[in-house]
Amino acid sequence: MEHFKDKIRCIYHISDKAMELLLSVFHEKKEKKGSIIVREGDSTNQIIFLKKGFSRAFTYRDGKEITLWFASSGSPTGAYDGRRSAINVELLEDSILLIASRRELEALLEKDLELANWARKVAEHYLELNIHYIAHYNGLEGKEKYELLIKEYPEILQKASIKHIASFLKITPQSLSRIRGHR
């Protein structure tokens, strides 16, 4: 739990009291590697963090899986507002999830300014990550994208399959194998 708390506080430090309040609205659920915890087209009102584990979000385009992002321990792996999900979330290793109802978490955030600020900072952080990906990965050749991925997110290389990494980089698995072979 300490690793999870440290990761939560890495983005915006919160007090022990605020951490207790935050964790009070979540319940733990263990899930196996390969589980799809969110399905495209389904609707839910949950916020899901990975207490322990690794996941990927993906969708289908032209019949092919496209990996959109990866999430590791301490990261949100989904926030859903009752609308139909546009993505799938798959666990790439046995995981422990922390799940809260959106309504309960929002009620808590309305009452506690420290947690409201934390939630805002988390949202800003993940928006910045998405902007970084768009700004730095788009327009690069496959080899350049792979080199940047190695530098910025080495954990992905240890936990995701070549197929998933290739779809994230928007190249074929064969191209990725060639790039890796020339390193």
Subject >> Inter-residue atom distance Leu149.CG - Ile165.CD1, 0.5 Å rounding >> reply: 6.5 Å
Original post:
Side chains of Ile47 and Leu98: closer than 4.5 Å at any heavy-atom pair?
Top reply: no
Original post:
Asn88 versus Val38: any side-chain heavy-atom pair under 4.5 Å?
Top reply: no
Original post:
Taking only residues two or more places apart in sequence, or in another chain, which ones meet Ile162 in a side-chain contact (heavy atoms from CB on, under 4.5 Å)?
Top reply: Pro173, Leu176, Ser177, Arg180
Original post:
Do Thr67 and Arg56 have side-chain N/O donor and acceptor atoms under 3.5 Å apart?
Top reply: yes
Subject >> Partner set under side chain to side chain donor-acceptor pair (under 3.5 Å) for Asp112, not counting sequence neighbours >> reply: none
Subject >> Cluster overlap Ile150 with Leu140, hydrophobic side-chain contacts below 4.5 Å >> reply: yes
Subject >> Exercise: identify the closest heavy-atom pair between Leu109 and Ala119 >> reply: CD1-CB, 3.7 Å
Original post:
What residues, two or more places apart in sequence or in another chain, satisfy salt bridge (Lys or Arg N to Asp or Glu O under 4.0 Å) together with Glu114?
Top reply: none
**OP:** Could you grab the distance from atom CD1 of Ile156 to atom CG of Leu169, nearest 0.5 Å is fine?
**Re:** 8.5 Å
Original post:
Going hydrophobic residue to hydrophobic residue with side-chain gaps under 4.5 angstrom, can you get from Trp118 over to Leu129?
Top reply: yes
**OP:** Give, for atom CD of Gln158 and atom CG of Leu92, the distance between the pair rounded to the nearest 0.5 Å.
**Re:** 13.5 Å
Original post:
More than 12 foreign heavy atoms under 6.0 Å from NZ of Lys159: is that the case here?
Top reply: yes
**OP:** Using a cut-off of 6.0 Å, state whether more than 12 heavy atoms not belonging to Lys170 lie near its atom NZ.
**Re:** yes
Subject >> Those residues that, when tested against Ser95, pass side-chain contact (heavy atoms from CB on, under 4.5 Å) (two or more places apart) >> reply: Leu50, Leu91, Glu93, Leu97
**OP:** Would you please indicate yes or no on a ring centroid separation below 6.0 angstrom for Phe70 and Tyr153?
**Re:** no
Original post:
Between Lys145 and Glu141, is there a side-chain N and carboxylate O pair less than 4.0 Å apart?
Top reply: no
Original post:
So, Ser167 and His164: side-chain donor and acceptor under 3.5 Å apart, yes or no?
Top reply: no
**OP:** Keeping the roles fixed (side chain from Ser73, backbone from Gly53), state whether a donor-acceptor pair exists under 3.5 Å.
**Re:** yes
Original post:
Are Phe58 and Tyr133 connected, step by step, through hydrophobic side chains (Ile, Leu, Val, Met, Phe, Trp, Tyr) whose heavy atoms are closer than 4.5 Å?
Top reply: no
Original post:
Are Ile171 and Ile179 close enough, and set up right, to give a side chain to side chain contact (heavy atoms under 4.5 Å, CB included), and what steps lead you there?
Top reply: CA-CA 11 Å; Ile171 61 177; Ile179 290 166; 3.9 Å; yes
**OP:** Find out if a path of hydrophobic residues (ILVMFWY) with successive side-chain heavy-atom gaps under 4.5 Å connects Phe4 to Ile96.
**Re:** no
Subject >> Asp16: side chain to side chain donor-acceptor pair (under 3.5 Å) partners, not counting sequence neighbours >> reply: Arg9
Original post:
Do NZ/NE/NH1/NH2 and the carboxylate oxygens of Glu106 and Arg103 come within less than 4.0 Å?
Top reply: no
Subject >> Nearest non-hydrogen partners of Leu21 and Leu115, listed with the distance >> reply: CB-CD1, 3.9 Å
Subject >> Within residues 9-30 or reaching into it, pairs that qualify as ring-ring contact (aromatic ring centres under 6.0 Å, His included) - sequence neighbours excluded >> reply: Phe26-Phe49
**OP:** Would you check if Glu31 and Asp94 make a side-chain contact, meaning some heavy-atom pair closer than 4.5 Å?
**Re:** no
Subject >> Lys143 and Glu147 ion-paired at < 4.0 Å >> reply: no
**OP:** Answer with yes or no whether the hydrophobic clustering places Tyr60 together with Phe168; edges join I, L, V, M, F, W, Y residues whose side-chain heavy atoms lie under 4.5 Å apart.
**Re:** no
Subject >> side-chain hydrogen bond (donor to acceptor under 3.5 Å, both in side chains) assessment of Glu152 paired with His136 >> reply: CA-CA 11 Å; Glu152 294 183 334; His136 291 91; 5.8 Å; no
Original post:
In terms of heavy-atom contacts, does CZ of Arg120 have more than 12 from other residues, nucleotides or ligands at under 6.0 Å?
Top reply: yes
Original post:
CZ of Phe54 to OG1 of Thr77: how many Å apart, nearest 0.5 Å?
Top reply: 9.5 Å
Subject >> Short N-O contact, Lys30 and Glu28, less than 4.0 angstrom >> reply: no
Subject >> Arg84 CZ to Ser43 OG distance, which is reported to the nearest 0.5 Å >> reply: 6.0 Å
Subject >> N/O donor-acceptor pair under 3.5 Å between Asn45 side chain and Ser101 backbone >> reply: no
**OP:** Establish, from distance only, whether the side-chain atoms of Ser35 and Glu90 form a donor-acceptor pair under 3.5 Å.
**Re:** no
**OP:** First locate atom CD of Glu104, then atom OG of Ser24, and finally report the distance between them rounded to the nearest 0.5 Å.
**Re:** 8.0 Å
Subject >> Side-chain (Ser85) to main-chain (Ile87) donor-acceptor, under 3.5 angstrom >> reply: yes
Subject >> Short N-O contact, Lys17 and Glu20, less than 4.0 angstrom >> reply: no
